[in-house]
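For reference, the structure discussed in these notes is given below.
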There are 2 protein chains.
Amino acid sequence: MAKSLTRIQQRNRSVIMDAGLDMFSQHGFKGATLDQIADAAGLSKPNLLYYFPSKEAIHTALLERLLENWLDPLQALDGAGDPVTEILAYAQRKLKMSRDYPRESRLFANEILQGAPRIKDILGTDLKQLVDTKADIIRGWSATNKIAPIDPYHLIFSIWSFTQHYADFDVQVRAVLGSDDPFDGASAFLEHVITRILSPNN
Amino acid sequence: MAKSLTRIQQRNRSVIMDAGLDMFSQHGFKGATLDQIADAAGLSKPNLLYYFPSKEAIHTALLERLLENWLDPLQALDGAGDPVTEILAYAQRKLKMSRDYPRESRLFANEILQGAPRIKDILGTDLKQLVDTKADIIRGWSATNKIAPIDPYHLIFSIWSFTQHYADFDVQVRAVLGSDDPFDGASAFLEHVITRILSPNN
DNA sequence: TCTTGATTTGACCAAGCGGTCAAAGGAACG
DNA sequence: CGTTCCTTTGACCGCTTGGTCAAATCAAGA
């Protein structure tokens, strides 16, 4: 199926999705126009619609591709590993995603901000199930005193919010810090805070 | 000046701004339409434009009103108070704003996500200056060992991101937690984490 | 070279959009 | 009751937008 695509088709679909990601992540779904996307992709608008049947289709394709990898960092959290190391590594993976894929993060943020009309069901099923599973693991670690007692759900929310903040609120962060790369500082802060919160000595 | 407004003018401007806040915070600037806003306000579109000269004007008025109070919680952080108490109280004030004014938070989030085209200058001046001032205070507390050493900027970012998360990503939070009110849990988490991070015993 | 299917485009369309305007309807006050 | 100013509206306009279509161009194999 996927192999039946021409080289030209592969290239153009890829170029279009990249241009669409630029526009949708920056202007939101309604704010982005097909003309902008076509222009950014270096194609005419009818030509763009030869590869994707509609604006909606581009957006859907982007969202689907995003969701394939969006949960990977949390999925990789290993209940058999060292608790503090695992949670810290998870947070760092998430921060790295904000650094390497800020557009994807903003695409996701736009979708959630608008009430997640296209992925609300996934949030309530796949995402909730995954978080429940990992929260159980963390709760277990707390119960056996391998980490300090803590609410696992809000811990996960705090990791999400903090790491995504550097992608979604990039402009604000750089306005305050003076446009130096904030990620190294964020990474160090993350390590310091998480180890301090979770270390079970008391 | 402001007193020269009729009762009807006051009421309608207020109703329009409320409807505009609903729409802009949910759909973004481009995603919201004058017809939607007029409809939500219970007015005809020309009537709406009798009170505000343009869609842009409604949006600007909302942003200006927002910015009047947006920085208050941080402004109130008192360098003469007890360090941990002050920072914790600041975070709780910020969380309360997410609880009481989620639409304002989302309006702000939309603006920042899109690159802050209308308030970027404020971020680099007023906001930066305020943050610098308060960061100095926090750094001072760290230096004199009244709180544990910590990067004040990323501490502030973490408070922003965590507290605003419950307004901006409300749908996701409720999808995971099952639509129970998340704010009490968030508040307890905040208190626990901040005291633990900042307590200078070591 | 010819044919076939993939690719590209200029011209076009209908709907939705922000915004205008002249005229009608109300409210307050003498 | 009449005047004046505030308020409201239906009809309309020009522009942008997502999307269509027939025709032109191109690529590749027989």
Side-chain angles (χ1 to χ4, degrees), chain A residues 1-64 107 110-111 114 117-118, chain B residues 1-64 107 110-111 114 117-118:
Chain A
M1 271 297 130
K3 290 291 173 179
S4 69
L5 292 177
T6 316
R7 239 169 299 135
I8 295 180
Q9 284 173 337
Q10 287 184 343
R11 196 202 61 206
N12 279 348
R13 282 184 64 94
S14 163
V15 166
I16 290 169
M17 286 182 70
D18 193 67
L21 182 56
D22 265 349
M23 294 305 148
F24 287 134
S25 66
Q26 196 172 137
H27 305 296
F29 179 74
K30 292 253 348 177
T33 71
L34 283 180
D35 293 273
Q36 286 175 334
I37 297 173
D39 201 51
L43 301 172
S44 67
K45 186 167 59 172
N47 197 14
L48 182 151
L49 287 165
Y50 172 72
Y51 291 101
F52 287 88
S54 67
K55 181 185 181 181
E56 184 82 35
I58 305 173
H59 191 256
T60 300
L62 282 168
L63 228 41
E64 282 173 357
L107 182 73
N110 264 303
E111 173 70 10
Q114 322 222 330
R118 303 154 211 275
Chain B
M1 271 297 130
K3 289 292 175 179
S4 70
L5 292 177
T6 314
R7 236 169 303 137
I8 296 180
Q9 283 173 339
Q10 287 183 343
R11 195 201 63 207
N12 280 346
R13 282 185 64 94
S14 163
V15 166
I16 290 169
M17 286 183 69
D18 193 68
L21 182 55
D22 265 349
M23 294 305 149
F24 287 135
S25 66
Q26 194 171 139
H27 305 295
F29 180 74
K30 292 253 345 178
T33 72
L34 282 179
D35 292 272
Q36 286 176 333
I37 297 173
D39 201 51
L43 300 173
S44 66
K45 187 166 58 171
N47 198 14
L48 183 151
L49 287 164
Y50 172 73
Y51 292 100
F52 286 89
S54 67
K55 180 185 181 182
E56 184 81 36
I58 305 173
H59 191 255
T60 299
L62 282 168
L63 268 182
E64 281 174 357
L107 181 74
N110 264 304
E111 174 70 11
Q114 321 222 331
R118 303 155 210 275

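Computed from a predicted model, the values in this text were never measured in an experiment. Naming: A, B, ... by sequence-line order, numbering from 1 per chain. Hydrogens, waters and symmetry mates are skipped; everything else that's a heavy atom, side chains included, is used.
- Checking side-chain atoms of B:Lys55 against main-chain N and O of B:Phe29 turns up a donor-acceptor pair under 3.5 Å.
- Between B:Glu111 and B:Leu63, the closest side-chain pair of non-hydrogen atoms falls below 4.5 Å.
- Remark: B:Gln9 is not in phosphate contact with D:dC6, judged by side-chain N or O atoms under 4.0 Å from OP1 or OP2.
- For the pair A:Ile58/A:Phe24, a side-chain contact is recorded, criterion being any heavy-atom separation below 4.5 Å from C-beta on.
- Under a 3.5 Å cut-off, the side chain of A:Glu64 and the backbone N or O of A:Ala61 do not form any donor-acceptor pair.
- For the atom pair A:Arg11 CZ and A:Ile16 CD1, the distance stands at 10.0 Å (nearest 0.5 Å).
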Subject >> Under 4.0 Å protein heavy-atom contact, by nucleotide of nucleotides 13-23 of chain C - B base, S sugar-phosphate only >> reply: ----SBBBB--

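- A close approach under 4.0 Å does not occur between any side-chain nitrogen or oxygen of A:Tyr51 and OP1 or OP2 of C:dA6.
- Across all strands, A:Phe52 comes closer than 4.0 Å to no nucleic acid atom at all (heavy-atom distances).
- Taking the side chain as every heavy atom from C-beta outward, B:Tyr51 and B:Ile8 approach each other to under 4.5 Å.
- Non-hydrogen atoms lying under 4.0 Å from DNA chain C are contributed by nothing in residues 13-25 of chain B.
- Taking 4.0 angstrom as the limit, B:Tyr50 places a side-chain polar atom (N or O) nearer than this to OP1 or OP2 of D:dT7.
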**OP:** Quick one: do B:Asn12 and B:Leu48 satisfy side chain to side chain contact (heavy atoms under 4.5 Å, CB included)? Show the steps, please.
**Re:** CA-CA 8 Å; B:Asn12 280 346; B:Leu48 183 151; over 6 Å; no

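- Separating the CZ atom of A:Arg11 from the C1' atom of C:dT7 is a distance of 11 Å, rounded to the nearest angstrom.
- Contact between the side-chain N/O atoms of A:Asn12 and the OP1/OP2 oxygens of C:dA6 is not found at any separation under 4.0 Å.
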Subject >> Stepwise side chain to side chain contact (heavy atoms under 4.5 Å, CB included) test for B:Gln26 and B:Gln36 >> reply: CA-CA 12 Å; B:Gln26 194 171 139; B:Gln36 286 176 333; over 6 Å; no

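- Taking side-chain N and O atoms only, B:Asn47 has no distance below 4.0 Å to OP1 or OP2 of D:dT7.
- Two residues are said to be in side-chain contact when any heavy atoms from C-beta on lie closer than 4.5 Å; B:Asn110 and A:Asn110 meet this criterion.
- If you measure from atom CG of A:Leu48 to atom C1' of C:dG10, you get 16 Å, rounded to the nearest angstrom.
- Residue A:Ile8 is in sugar-phosphate contact alone, with no base atom involved, counting any heavy-atom pair closer than 4.0 Å across all strands shown.
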